[in-house]
**Student:** 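I am attaching a structure below and will ask some questions about it afterwards.
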Amino acid sequence: ADVFMFRGWSGACPPKYWEVGKEIMESRNVWVCDVPLVDWCLENHLEMREDGWHPATQGHHEYANQILVPFIKKHLDNQ
């Protein structure tokens, strides 16, 4: 089975640890989408929930359509 993962927020893991973990995951054939959901929503000025830390539903949909679906299709097409 194919496994993929994406980052929720770049601040959840210090960069040096993220890079080590990402390298390990990729060496085990895990597809890593290195575009963090929260960061992407903030950069694209999408609505956040009241706490300011979590994207509203529309941001999740847009992230999936613009980032995750193309990422998965690209990997499936290259198999």
**Student:** Taking the side chain as C-beta and beyond, is there a heavy-atom pair between Met5 and Val30 under 4.5 Å?
**Tutor:** yes
**Student:** Can you tell me how far NE2 of His54 sits from SG of Cys41, rounded to the nearest 0.5 angstrom?
**Tutor:** 11.5 Å
**Student:** Can you tell me if Glu23 has over 12 outside heavy atoms packed within less than 6.0 Å of its CD?
**Tutor:** no
**Student:** Pro55 versus Leu37: any side-chain heavy-atom pair under 4.5 Å?
**Tutor:** yes
**Student:** With a 4.5 Å limit on heavy-atom distance, are the side chains of Tyr63 and Leu68 in contact?
**Tutor:** yes
**Student:** What distance do Trp9 atom CH2 and Asp39 atom CG have between them, rounded to the nearest 0.5 Å?
**Tutor:** 8.5 Å
**Student:** So Trp31 and Leu76, do their side chains get closer than 4.5 Å, heavy atoms only?
**Tutor:** yes
**Student:** Would a 4.5 Å heavy-atom cut-off, applied to side chains only, mark Lys22 and Asp34 as touching?
**Tutor:** yes
**Student:** Are side-chain heavy atoms of Val38 and Met48 found at a separation under 4.5 Å?
**Tutor:** yes
**Student:** So how far is it from His75 NE2 to Asp2 CG, rounded to the nearest 0.5 Å?
**Tutor:** 9.5 Å
**Student:** Within the 4.5 Å heavy-atom criterion, are Phe6 and Ile72 side-chain neighbours or not?
**Tutor:** no
**Student:** At what distance, to the nearest 0.5 angstrom, does CD1 of Ile67 lie from CD of Glu62?
**Tutor:** 10.5 Å
